[in-house]
Structure formats: structure tokens, C-alpha cells
Amino acid sequence: MVEDNKWLIGIDIDGTLVHDDGHLSENVLAQINRVRDLGHHVFVATGRAASNAYPVIRQLGINTGHAVCSNGAVTIKLDSAHPKGFSIHDIKTFDPAEVLARLIETVPNAHFAVEDLDGGYRFNKPFPSYALGDQNVETPLEELLHHPVSRVVVLSPDHDVDQFLKIMDEVGLQSVSYAIGYTAWLDIAPKGIDKGHALNQLRDHYNHTSNRVVVIGDGRNDIEMFQWAQSLGGHAFAMGQAPEEVKLAASAVTASVTEDGVAQVLMSLEGLEFIQ
């Protein structure tokens, strides 16, 4: 297959590839493998840190190439010879002091964590066991402010999503990129850094020059990825259970994660003349 006929496909993990309980459907796995066997580029593009993303990538059978982690702040190169199974290809960092100080003042009871350059986390209050991976340490709040990080995470149990969205609008985070999840959960990345930005860098790295781009996701942190794909003339699919604003940002809506929406998109590629 000539390079111009290859597709670049970016797929989110949670709520897209895997269910809430971490289940990966055999149907989705089969379609991922089928498309990769045809020679197309399949990249995981996730909000998870690399260490949390890698077990799913390994389960997919992807052991070469790259993956986008930490909402675009970290890109890894898969390497079976590396002790972790991957090495850092690119990492973007920022000084968290200003934004953290504003958030601490605005939501003082929230839980705060920062992702360090080695992929580990420091946090001031406990997070759900699945959220920060195995490499994490509880740290006084003051110590979170003074080192470059690739991400700040804020969890606010006192607020629902709508309340949190309103608060973040009022805070006006101008110096960073941010995305809010289904719960009152805020991911903060360096300014201008998101999944779309990282996928575009991989597109350049792989000399992928055509508009054959497909992305699939379910969260607010996928909206920039959708916009990027559509700006190239590509296609953005929202999962069926995605929030309405995410669906509106997509070019089409597939089935929910429990109905194997990713597999349905990939099975329809030939019929839609995505793959030629």
C-alpha cells in the first residue's frame, strides 16, 4: 500500500476502546488488528499517563509505533526492548504555580495532583485507585507548585460537572489548555497542547500528507482532536454515550462503547471509501 492510501486513526481509551470496568471487546480488538494489518497507522490518543495507557496498548497487540498520552503532553515510542515497554518520544511541560494558586483559592477543598516528567504523580489528597497509576506519592500541597510538570489534575467532589464548568469559566484559565471530564475532574495541560496537537506531530513524523484521518473519542478532551481531524478534511466520530457538546463537535456519532462503537466505525471504513 502506498503511503498516500494509508489512514491515520487516533482512538481514545476510556469510554471509547474500553468500558468503564476496563473491558476490551473482542470485536473491537479484531477490528483494530484488521486495520493495522492493512498497513494503516493506529494511534492510541488518551488522557491517561503513559504507564496507565501502556497495559491497554499491549492488550491491543500494538508493540511498535507511537501513542499519545496525558492529553497530548506526552508522546511515547513503543519499544519491546525497553524495561517499561516504551520510551518517551516527546514531552511538553509548564510551570504549574500560577494556575494551581488560582485553583486552590477558588476550590480549596479539591484534590490536586501533578504529573511529573517521569510519568509519576504527586498529590495532596487521595484520588480513586485507578486514576494515578502505581507511581504516585502523597505530598504537601505547597510542594506541588514548584517544579515543571506535564499535567495538573483537579478533582472536586463538592461539585457536579455543570457547577465545575461554570467555576472554570469564571477562573478563566488563559495560560493553559484544559478539559473537564464526566465528573468534576479537570485536566490541565501546557497552553496549546492537546491530543490533536500531538497527533499532528505524529502525522509529520510519519510523513502522512493526505486528508485520510479518522479520530474517535467520547470526552471533552477529545474535542480539539475532532477539530484537528476535521480541519484536515478528515472524520471525527463521537461515541454514542458522549456528552451532547462532544457529539456536536464531531462529524458523526457512532454507537456507544458497550455496543462496540469503535468496531462499527472501523468495519464501515471500506463501505465509506475511507480505505481504498
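Once rounded to the nearest 0.5 Å, the distance linking OG1 of Thr254 with CE of Met239 reads 6.0 Å. Atom OG in Ser231 sits 7.5 Å away from atom CG in Asn200 (nearest 0.5 Å). How far CZ of Arg212 is from NZ of Lys6: 12.5 Å, rounded to the nearest 0.5 Å. Atom CG of residue Leu24 and atom CD of residue Gln59 lie 4.5 Å apart, to the nearest 0.5 angstrom. The distance from atom SG of Cys69 to atom OH of Tyr54, rounded to the nearest 0.5 Å, is 12.0 Å. For the atom pair CG of Asn71 and CZ of Arg48, the computed distance is 12.5 Å after rounding to the nearest 0.5 Å.
Within the 4.5 Å cutoff, side-chain heavy atoms of Val149 are placed close to those of Phe94. Inter-residue side-chain proximity for Leu17 and Val28 is flagged as met; some heavy-atom pair is nearer than 4.5 Å. The shortest side-chain heavy-atom distance between Val68 and Thr46 does not fall under the 4.5 Å cut-off. Contact of the Val56 side chain with the Asp14 side chain is not registered, since no non-hydrogen atoms from C-beta on lie closer than 4.5 Å. The closest side-chain heavy-atom distance from Met267 to Asn27 is below 4.5 Å. Within the 4.5 Å cutoff, no side-chain heavy atoms of Phe112 are placed close to those of Val153. The shortest side-chain heavy-atom distance between Arg151 and Val114 does not fall under the 4.5 Å cut-off. At a threshold of 4.5 Å between non-hydrogen side-chain atoms, the residues Ile11 and Phe43 do not count as touching.
Side chain of Arg203 to main chain of Ser210: a donor-acceptor pair is present (N/O by atom type, distance under 3.5 Å, no hydrogens or angles). Side-chain N or O atoms of Ser251 include one that pairs as donor or acceptor with a backbone N or O of Ala236 at under 3.5 Å. Judged by distance alone, with hydrogens and angles left aside, the side-chain atoms of Asp116 form no donor-acceptor pair with the main-chain N or O of Asp118 at under 3.5 Å.
The aromatic ring centres of His89 and His205 sit less than 6.0 Å apart.
Counted within 6.0 Å of NZ on Lys77, heavy atoms from surrounding residues, nucleotides or ligands total 12 or fewer; the atom is thus considered open. Heavy-atom contacts from other residues, nucleotides or ligands closer than 6.0 Å to CG of Asp20 number 12 or fewer.
The side-chain hydrogen bond (donor to acceptor under 3.5 Å, both in side chains) test applied to Thr16 returns Asp12, Asp218, not counting sequence neighbours. Legend: residues meeting side-chain hydrogen bond (donor to acceptor under 3.5 Å, both in side chains) with Ser256, ordered by chain and number and at least two apart, are Thr258, Glu259.
Under the 4.5 Å side-chain heavy-atom criterion for ILVMFWY residues, a single connected hydrophobic cluster contains both Ile88 and Ile62. Taken together through direct or relayed side-chain contacts under 4.5 Å among Ile, Leu, Val, Met, Phe, Trp and Tyr, Ile188 and Leu141 form part of one hydrophobic cluster. No path of Ile, Leu, Val, Met, Phe, Trp and Tyr side chains, each step under 4.5 Å between heavy atoms, connects Phe237 with Val253, placing them in separate hydrophobic clusters. A single hydrophobic cluster is seen to contain both Ile76 and Leu117, as judged by linkage of ILVMFWY side chains at heavy-atom distances under 4.5 Å, directly or through other members.
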> Could you go step by step and tell me if Leu78 and Thr64 meet the side chain to side chain contact (heavy atoms under 4.5 Å, CB included) rule?
Replying inline: CA-CA 5 Å; Leu78 302 172; Thr64 60; 5.5 Å; no

> What do the steps show when you test Leu100 against Val152 for side chain to side chain contact (heavy atoms under 4.5 Å, CB included), and what is the final call?
Replying inline: CA-CA 8 Å; Leu100 263 176; Val152 171; 3.9 Å; yes

>> side chain to side chain contact (heavy atoms under 4.5 Å, CB included) for Met225 and Leu199? Distances and angles first, verdict last.
In response: CA-CA 8 Å; Met225 179 173 73; Leu199 284 171; 3.6 Å; yes

> Are Phe86 and Ile57 close enough, and set up right, to give a side chain to side chain contact (heavy atoms under 4.5 Å, CB included), and what steps lead you there?
Replying inline: CA-CA 10 Å; Phe86 62 88; Ile57 296 168; over 6 Å; no

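In terms of heavy-atom proximity, Val257 sits nearest to Gly15 at CB-O, 3.3 Å. Heavy-atom minimum distance, Lys195 versus Gly47: CE-N, 3.8 Å.
The closest side-chain donor-acceptor pair between Ser70 and Glu115 falls under 3.5 angstrom. Between the side chains of Ser80 and Asn63, not a single donor N or O lies within less than 3.5 Å of an accepting N or O.
The ring-ring contact (aromatic ring centres under 6.0 Å, His included) pairs that include a residue from residues 136-156 number zero, where partners must be two or more places apart or lie in different chains.
In this pair, His23 and His19 present their aromatic rings perpendicular. The plane angle is above 60°, beyond the 30 to 60° band. Classification of the Phe127-Phe123 ring pair by plane angle, with boundaries at 30° and 60°, yields perpendicular.
In summary, Glu245 and Arg220 engage in a salt bridge, as defined by a charged side-chain N under 4.0 Å from a carboxylate O. With respect to Asp90 and Lys92, a salt bridge is recorded, a charged nitrogen being found less than 4.0 Å from a carboxylate O.
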